[in-house]
Amino acid sequence: PNATFLAKWTQDLDADHSSCGRIKCFLRSTSNPNIGWLIAEDAPYFAKPGKAKKSSNLTVGEAMIKGWELAKSLEKEYGIHHFLVDSPFQLEFSSKSQRRQMRRNFFKHPNAERRFPLNRIMVQKVKTASLRSALIQYGSTELRGGGPIVSKTDHFVKDLLANHSDSFNRTRFVNNAKNGKEIALKILKEYYGYSCDFQVILDEYGRIYHLDFDRAFTMDTRQTGYRRYVDRSFSKILTRFRRDMDHAIRYVGNYSDMKR
């Protein structure tokens, strides 16, 4: 991408609709609210800003490209849902003023300042999730005792059914959720590293959208402590995900339209 693209692209970023994780930030498009951008510093995966040390054999950019290839492969093989639109690409800011302006104008999330020096970044176009959807997240610090596993399935399906429209089809939701659950379990078992921070989004039609494919390639097998953590958490993730999805499927399938 050239300077002309960079200028148009930065004008299209919606600073008021941004969020950041440990590695990547998301900013929505101002011209199309159904589209957004994943942005990450193209540094060694998990390295602190400006540091050369890394806990993975890949840079963030390399992992994102592998993740894009995996998403397309799984989409072809299993028909999975995801939000990635195009292959990630690299942008480089040639001046300090460009970097300062970018950080000041677009990265208002509290995590962004320390995580994105923005010398060279990876950018990927993505679709935005439906407002009627729930994040189901496992892994990371939760399974190491750092806090409760984040799963909003119970609240989501109860709210969905309490406020559903006449067009809501419970049978479709159940069938989609059952199929998506089985596919997700197959993928988890096939791509062991994907369980490090397993996250999916469940929408109002029961469709499961997969996220963060790059994590399938970033598990550092050189660190025995990290490997032990993944070994311990893997069976917990499988069990908890299966239980949460089965509960949501039963709840929707057995729901009565009787007034409460």
Side-chain angles (χ1 to χ4, degrees), residues 1-43 45 49 60-61 63-65 67-68 70-72 75 80-93 97-137 140 150-153 155-156 159-160 163 197-215:
N2 56 26
T4 302
F5 169 84
L6 181 60
K8 292 182 178 179
W9 176 70
T10 53
Q11 291 176 1
D12 190 49
L13 297 178
D14 186 351
D16 295 324
H17 292 88
S18 65
S19 61
C20 290
R22 184 175 182 182
I23 301 296
K24 300 184 288 287
C25 278
F26 167 81
L27 285 92
R28 200 166 70 180
S29 165
T30 57
S31 60
N32 184 354
N34 296 317
I35 292 296
W37 303 89
L38 290 178
I39 302 172
E41 185 195 13
D42 191 16
Y45 218 94
V60 172
M64 288 177 68
I65 291 172
W68 162 251
L70 176 59
K72 299 301 290 182
E75 182 181 15
I80 67 161
H81 301 286
H82 61 84
F83 296 107
L84 305 181
V85 175
D86 289 324
S87 176
F89 57 89
Q90 187 183 90
L91 283 177
E92 187 164 354
F93 295 91
S97 61
Q98 280 185 323
R99 295 196 294 271
R100 282 196 301 268
Q101 182 182 13
M102 183 74 180
R103 192 182 299 118
R104 182 175 62 251
N105 291 347
F106 301 112
F107 290 96
K108 298 181 179 180
H109 191 280
N111 288 341
E113 178 68 21
R114 63 187 178 88
R115 294 180 182 178
F116 293 91
L118 298 174
N119 297 322
R120 188 171 61 246
I121 62 174
M122 294 299 298
V123 176
Q124 188 167 25
K125 189 177 184 180
V126 296
K127 294 178 288 188
T128 55
S130 166
L131 294 177
R132 303 208 73 184
S133 58
L135 174 68
I136 309 174
Q137 178 182 18
S140 190
V150 179
S151 178
K152 301 178 181 178
T153 50
H155 175 78
F156 173 64
D159 179 70
L160 182 65
N163 300 287
D197 191 17
F198 180 57
Q199 302 179 55
V200 295
I201 284 180
L202 177 66
D203 77 0
E204 62 183 311
Y205 302 107
R207 295 176 300 204
I208 292 176
Y209 288 78
H210 290 256
L211 309 171
D212 289 349
F213 296 93
D214 48 303
R215 292 305 306 272

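Basis for what follows: all heavy atoms, side chains included, without hydrogens, waters or symmetry-related copies.
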So, taking the atom named [atom1] in [X] and the one named [atom2] in [Y], what distance separates them when rounded to the nearest 0.5 Å?
X	Y	atom1	atom2	value
L202	L135	CG	CG	10.5 Å
M64	Q90	CE	CD	11.0 Å
I208	I201	CD1	CD1	11.5 Å
T128	I35	OG1	CD1	6.5 Å
L211	H82	CG	NE2	11.0 Å
N32	K125	CG	NZ	7.5 Å

- [ ] Could you check R215 against I23 for side-chain contact (heavy atoms from CB on, under 4.5 Å), going step by step and ending with a plain yes or no?
- [x] CA-CA 10 Å; R215 292 305 306 272; I23 301 296; over 6 Å; no

Minimal non-hydrogen separation, [X] against [Y], with atom names:
X	Y	value
A63	D214	O-CB, 3.3 Å
S31	D12	OG-OD1, 2.8 Å
F213	G67	CB-O, 3.3 Å
A71	I80	O-CD1, 4.1 Å
G36	F26	CA-CE1, 3.6 Å

Sub-3.5 Å donor-acceptor pair from the side chain of [X] to the main-chain atoms of [Y], do we have one?
X	Y	result
D14	R28	no
Q124	D86	yes
S87	W68	no

Open item on the list: Is the ring pair F83/Y209 parallel, tilted or perpendicular, if the boundaries are 30 and 60 degrees?
Closed with: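 Ring orientation of F83 relative to Y209: parallel.
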
Under a 4.5 Å cut-off applied to non-hydrogen side-chain atoms, are [X] and [Y] in contact?
X	Y	answer
L84	K72	no
E41	V60	no
M122	F89	no

- [ ] Go through the structure and list residues passing salt bridge (charged side-chain N to carboxylate O under 4.0 Å, His left out) with R207, not counting sequence neighbours.
- [x]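 So R207 forms a salt bridge (charged side-chain N to carboxylate O under 4.0 Å, His left out) with D203.
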
